> 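Here it is: the structure, laid out below.
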Amino acid sequence: MPSTPNPPSILAIVVPCYNEEAMLGITVPGLLNALDGMIESGLCAMQSYIVLVDDGSRDATWHLIEDAATRYPGRVRGVRLASNVGHQAALLSGLDYATGRCDAAVSIDADLQDDVTVIARMIEAYHCGAQMVLGVRECRATDSWFKRNTAEGFYRLMGAMGVEMTHNHADFRLMSDRVLRNLREFSEINLFLRGLPRLLHKEVVTVSYRRAERVAGETKYPLRKMLALAWNGITSFSVVPLRMISVMGALVFLVSLVLSAYALFGFLSGSTLPGWASVVIPLYLLGGLLMLSIGVVGEYVGKVFLETKRRPRFLVDQIVGDPDD
Ligand code: UDP
Ligand code: MG
């Protein structure tokens, strides 16, 4: 048994919720149960609590959060965002709320696909000194063939682009208050939390668990959003695509120099034919290459555009259940 600190640490469990009315009736008791168990065994303090972030839901999610906050004062708190900002920014707003109000925060999805009993192991690691603990899925048996393979491809691609990511880790993680404070220093709009752990702390501890299937409601991550997340991950963390364009441009330039010399030599020796192919093929090739390059450069210019606007990443509309209010 690791030594438990005295007084025990306050834990905040941060849960982003988007149209989760079908899940919340299961999620809130499930998480409170888990908290009670950890309080009983002395792993965390009585004042530990859950933060439910309503990410601009269109269903009864916020009403359910308000109800839970009234029923469990101080233990269940709600942050209502003014609009739907997506999973990562919603999670960030919950972590932002918890910063300075806890000793450690655990983020978990509202569908409880991630095993809540693992939180206790995360806190044990925290008590042993870990500042950042990542939940890692043992296997992806509960995923579809498609999701499994696209996820694997994504990690490979990110690795090739020089972004160090922990395989099979989503957003189930514990961060200490120290790490949370440092997280606030990352002010970029396109924040990709999953790529950050190794930047936030050099020592990252992992705990493995089995992921269950969603018991109610449906996934809020259709393929479109998954692709958007992957693309955001690459372009927010890596300039390798830009560098590839430069390298490709340099190679094409070299080849065209050789070809020009060849053409000039042919012209001077009087052996040139009025060739159509030799004009049209490079035209096509270069046209395609240029458009591709401009497209990728444009992506980054777009990012710069968004960053320079310095827009807030989320807007809090209302907070309920905060005992300090
Ligand atoms: N979510 C959110 N905003 C969104 C989409 C999703 O806060 O725009 C939340 C959602 O309520 C859930 C978590 O993000 O708690 C993960 O979503 P989901 O379980 O649908 O994703 P999957 O597990 O299928 O990848
Ligand atoms: Mg899920």
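We count ligands from 1, going down the list as the structure has it; atoms in each ligand are counted the same way. Bear in mind that the values here come from a model prediction, so they are computed numbers and not experimental data.
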> With nothing but distance in play, are any N or O atoms of Thr219 less than 3.5 Å from an N or O of ligand 1?
yes
> Please state whether Lys225 comes within less than 4.0 angstrom of ligand 1, counting heavy atoms only.
yes
> Looking at every non-hydrogen atom in both residues, tell me the closest pair between Leu174 and Tyr126 and how far apart they are.
CD2-CB, 3.8 Å
> Considering both backbone and side-chain atoms of Pro16, is one of its nitrogen or oxygen atoms within less than 3.5 Å of a nitrogen or oxygen in ligand 1?
yes
> Hey, is the main chain of Glu20 close enough, under 3.5 Å, to the side chain of Thr61 for a donor-acceptor pair?
yes
> Starting at CH2 of Trp62, measure out to CG of Asp55 and round the result to the nearest 0.5 Å.
12.5 Å
> Take the Mg ion (ligand 2) and tell me which protein N, O or S atoms are nearer than 2.8 Å.
Asp111 OD2, Gln113 OE1
> Is the backbone of Asp59 close enough, under 3.5 Å, to the side chain of Ser57 for a donor and an acceptor to pair up by distance?
no
> Nearest 0.5 Å, what's the CD-CZ distance between Glu164 and Arg198?
5.0 Å
> Considering only heavy atoms of Arg214, which atoms of ligand 1 have at least one such atom less than 4.0 Å away?
18 (P), 19 (O), 20 (O)
> Indicate the ring-plane relationship of Tyr155 and His167, choosing parallel, tilted or perpendicular according to the 30° and 60° boundaries.
parallel
> Determine, for Tyr49 and Arg75, whether the Lys NZ or Arg CZ falls below 6.0 Å from the six-membered ring centre while staying within 45 degrees of the axis.
no
> Name the option, out of Leu91, Leu24, Val53, Asp55, that contains the heavy atom nearest to atom 4 (C) of ligand 1.
Asp55
> For the side chain of Ser256 and the backbone of Phe253, is there at least one donor-acceptor N/O pair under 3.5 Å apart?
yes
> Give the residue and atom name of whichever protein heavy atom lies nearest to atom 1 (N) of ligand 1, and the separation in Å to one decimal.
Tyr18 CB, 3.7 Å
> Give me the residue, atom name and distance of the protein heavy atom closest to atom 19 (O) of ligand 1.
Asp111 OD2, 2.5 Å
> Heavy-atom pairs closer than 4.0 Å: do any link ligand 1 to the side chain of Cys17, the backbone, both, or neither?
backbone
> Using a 4.0 Å heavy-atom cut-off, which part of Lys147 comes near ligand 1: side chain, backbone, both, or neither?
side chain
> Which bit of Gln113 is near ligand 1, meaning a heavy atom under 4.0 Å away: side chain, backbone, both or neither?
side chain
> Check for a donor-acceptor pair, side chain of Asp103 on one end and backbone N or O of Ile10 on the other, with a separation under 3.5 Å.
yes
> Do Pro241 and Met161 have side chains that get closer than 4.5 Å, going by heavy atoms?
yes
> Among protein heavy atoms, which lies nearest atom 16 (C) of ligand 1, and at what distance?
Asp109 OD2, 3.3 Å
> I'd like to know if the side chain of Gln88 reaches the main chain of Leu193, judged simply by a donor and an acceptor atom lying under 3.5 Å from each other, with no hydrogens or angles considered.
yes
> Return the option from His87, Glu20, Met23 holding the heavy atom at the smallest distance from atom 14 (O) of ligand 1.
His87
> For residues Thr99 and Leu183, determine if any side-chain heavy atom of one lies less than 4.5 Å from a side-chain heavy atom of the other.
no
> Taking the side chain as everything from C-beta on, heavy atoms only, tell me whether Lys220 gets closer than 4.5 Å to Asn19.
yes
> Would you kindly specify which portion of Arg211 sits under 4.0 Å from ligand 1, judged on non-hydrogen atoms: side chain, backbone, both or neither?
side chain
> Specify side chain, backbone, both or neither for Asn84, according to which of its non-hydrogen atoms lie closer than 4.0 Å to ligand 1.
side chain
> Which protein heavy atom lies closest to atom 21 (O) of ligand 1, and at what distance to 0.1 Å?
Tyr221 CD1, 3.3 Å
> Give the contacting part of Lys220 toward ligand 1: side chain, backbone, both or neither, where contact means a heavy-atom distance below 4.0 Å.
both
> Centre of Tyr97's six-membered ring, under 6.0 Å away, within 45 degrees of the axis: is that where NZ or CZ of Arg101 sits?
yes
